[in-house]
Structures are given as C-alpha cells and as structure tokens.
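Heads up: the structure comes next, in structure tokens.
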Protein chains: 2
Amino acid sequence: MTGFTPSLENLIDRFASLPSVGRKSAQRLAFHVLDMDDTQAENFIEAIRNARKSVHRCSICCNFTDNDICSICSSKERDKSTICVVEDPRDIVAFEKTHEYSGLYHVLHGVISPINDISPEDICIKELISRLGEGNVKEVIMATNPTVEGEATAMYISKLIKPLGVKVSRLAYGIPVGADLEFADEFTLIRAIEGRKDI
Amino acid sequence: MTGFTPSLENLIDRFASLPSVGRKSAQRLAFHVLDMDDTQAENFIEAIRNARKSVHRCSICCNFTDNDICSICSSKERDKSTICVVEDPRDIVAFEKTHEYSGLYHVLHGVISPINDISPEDICIKELISRLGEGNVKEVIMATNPTVEGEATAMYISKLIKPLGVKVSRLAYGIPVGADLEFADEFTLIRAIEGRKDI
C-alpha cells in the first residue's frame, strides 16, 4: 500500500488542487469531511451548488450578487456620482469596512496583463465605459492594486475616460498607517515624499 | 453592505468551519469554487459524496478502505504474526513509506483521553483484542504517538494483551535522525541515554 484507499485518495487530490492547500492540509480536510455527520456534509455540498447557481455578476457594476442588481447599485443612499474601480469583489468588502466611502463601485475582475494573456477585452472595462455614457458620473476613482499591472490598467482606463469629461483620480500612495519608516521600501518613500501635504 | 452576497457568504462560512482554514483562506477557496467549470465542481462534489459513501473501516484492522477488508489485511505477502497499533490511518501511510515494515496494522481511531471524554470503549481496542484470540499473532508493536495520552493508551492496551501471551513492544524513543542535539528537549535526551546501544 502506498497511500489511502482510492475514494479517499481522490478526495484528498481534489482538496489538494485548491489554491494554497498543501498535501497535509488536504488530508486533514478530507478526514474532516469523512467525520462530518450527514447534515453537515449535505449542507457543505449544498453551499457549493447554491453559490455556483446563485452568484453572478451585477448587471451594472459586475460585483458578485445573488440578484440581478447588487445591493450597492440598488441602494438609494449611495452617491451615484462617484465610481470606485477595483480589481476584485473582495476589494469592495475592504472599502465597505471603512464606512467612509458612499459612492458606487465597478469590479474589473482582473487587470490587463499581457504576460498572462489578459487583454482589455477580458476584464470588465466596456461595462464601466457604458456606465459613464449616462452622464450622472462626475468622478472615477481608480483603486486597482499598486502593482505594475494594476498601475498600467489604471492608466489605460483613465485614458479612455478622460475624453468623456469625467474626472479620474487614483488612490494616494504613501506610508501605511502604523508602519515603521525604517522598513518602508524606497518606492513607497519616494511616493510619500512626492505626495506630502502641508500641515 | 458589510460582506458578500448571501450565498457566497454561506459558502465562505462553510469553508471557514473546516480545520485550520481561516477567514481569508475560506474566501480564496470559495472564489476558486466559483471560478471552477461545471465539470470540476461536480467532480469535487462527487469526490465528497463518493468518499463518504465508500470509505469505511476494514472489518479486521479498522483502517479506512473502500472494500470489506483493506488491501493490507487481504494481502498474502504480509507477515500476519505482527500487528502495529496506530492512532490514525495517516500513521499507516507514514509507516508504509519506509518499505521496512511488512506486518499488519490496527487503527485505534483515537487515544484514551479522559479530558476529552474518550474512554477505552470509544476507540477500537476490543477489535484488537479479538484479533489476538485466533493465536496467529506473536507480537504487537504499540505505535501510538509519544504524547501523554498516546503513552497511557499504549500502557492500557499492553496490560490487556500480556495475559494473552503475546509479546508487546513500543517504538524506540530517541534523537530524530538529522536533528541538532542542542535543540533536543530534555525528556527526549533522557530517553535517548536510557535507550543507548553498544556500537
């Protein structure tokens, strides 16, 4: 015998194929699944089925939603003149936790990345542009990640938007709150000096 | 909005309830499941269902198997006079990797642990004792973990077995191969001195 019984080995392989799950973790997860009672196991399977069936992209902002239009786009309390453009639905949750931003969002579902064969057509840029056609939006905040691809995507989109007469801004770069200057990288420090403000 | 859409939030909760899966990992796993194509998702669900349906305990050694009797117990090439007693099916895989042990196994599925309300009747001790009744077994190797509970379980079982005239042994304690003596704990060092051998 070199491993576990085939059906268990298969379950371990499936778990091991998930992102950042190693072989040992996959074993632990598979053993846990065997230990579940029937209700727990069926609830787990049902959660997978239900999420895959129900979750789709909001027809306005492309965020994940169970409905046709997400709760943010359909809210009457949000400021409809501002759109914050993010790479991933998880970024929206991060912004919402601040309770400071009351505008709308737009999820690109990725960034332009020639090396990974992701072109502008592969992410939700045309959906963003079509939202600007209605004339209600005054400002678009580019909140892609501060990486090479995130930066390039922000530049690409801003060039498309500016001719439409909509203001485009970018999140501020600088020292993270609570960080130690000693350990800040030089690029962050350069941006922090460039972006300094009068006090 | 404070989180994700309900069906996605539910899936994240299910993943987060698995052992050693934190909130961020659960999000990553749930997003990955949404990204799967239909075949992958159904294969994943089928692997869970199939493992839960097919995997049960070998009627001889209590190891996990898809059949009535596991591949080790049914093998004609194993030495049927020796039984190695382990806590968990994963321990068998570890022993099998050495290619050195050719006897049989017995899986206890736990250790006696009064603090966790696990008594001798809750683990597969009676199945082990009944195997010894046939008289073929000459030696039982206690290979429970070197923890307080593992040790106590080994002692408990050895007291049950000795009156049956079967030899009982325990895995050797000592310095792990490749370890640095400087970092060995004192209990391990004491056992290593006690167990020293002539060279």
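To find a chain, count down the sequence lines: A is the first, B the second, and so on, and within it residues start at 1. Keep in mind the model is a prediction, meaning the values are calculated, not measured.
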- Message: Let me confirm one number: the OG1-CG distance from A:T5 to B:N67, rounded to the nearest 0.5 Å.
- Response: 6.0 Å
- Decide, yes or no, whether a salt bridge links B:E42 with A:R49 under the criterion of side-chain N to carboxylate O below 4.0 Å. yes
- Note on the structure: Here the pair of heavy atoms bringing A:A47 nearest to B:N10 is CB-ND2, 3.8 Å
- Message: Please verify the inter-ring angle class for B:F15 with A:F44; under 30° counts as parallel, over 60° as perpendicular, anything in between as tilted.
- Response: perpendicular
- Within one Ile-Leu-Val-Met-Phe-Trp-Tyr cluster: B:V111 and B:V168, side-chain cutoff 4.5 Å: no
- Message: For A:D117, I'd like to know if atom CG has over 12 heavy atoms of other residues, nucleotides or ligands within 6.0 Å.
- Response: no
- Return the minimal non-hydrogen interatomic distance between A:S54 and B:S7, and the atom names on each side. CB-OG, 3.6 Å
- Note on the structure: Rounding to 0.5 Å, atoms CZ (B:F4) and CG (A:N63) come to a distance of 8.5 Å
- Among A:D13, A:D38, A:V21, single out the residue with the greatest number of heavy-atom pairs under 4.5 Å to chain B. A:D38
- Work out which heavy atom in A:H32 is nearest to a heavy atom in B:S17; give both atom names and the distance. NE2-O, 4.1 Å
- Single-linkage hydrophobic cluster B:I141~B:Y156, side-chain heavy atoms < 4.5 angstrom: yes
- Do B:I60 and B:Y105 belong together in a cluster built from hydrophobic side chains that touch within less than 4.5 Å? no
- Side chains of A:F31 and B:P89 in contact at under 4.5 Å (non-hydrogen atoms): yes
- Query: Atom CD1 in B:I45, atom CD in A:E46: separation rounded to 0.5 Å?
  - Reply: 8.5 Å
- Same cluster or not: are A:M142 and A:M155 linked, directly or through other Ile, Leu, Val, Met, Phe, Trp or Tyr residues, by side-chain heavy atoms under 4.5 angstrom apart? no
- Choice from B:Q27, B:K53, B:R90 maximising heavy atom contacts with chain A below 4.5 Å: B:R90
- Task: Treat each ILVMFWY residue as a node, draw an edge where side-chain heavy atoms are under 4.5 Å apart, and state whether B:I92 and B:I69 are in one component.
- Result: no
- Query: Side-chain contact, heavy-atom cut-off 4.5 Å: A:R14 with B:Q40?
  - Reply: no
- Taking all heavy atoms of B:L18 and all of A:L29, pick out the closest pair and write down the distance. CB-CD2, 3.6 Å
- Can you check side chain to side chain contact (heavy atoms under 4.5 Å, CB included) on A:L11 and B:R52, steps first, answer last? CA-CA 10 Å; A:L11 182 58; B:R52 287 181 52 83; 6.0 Å; no
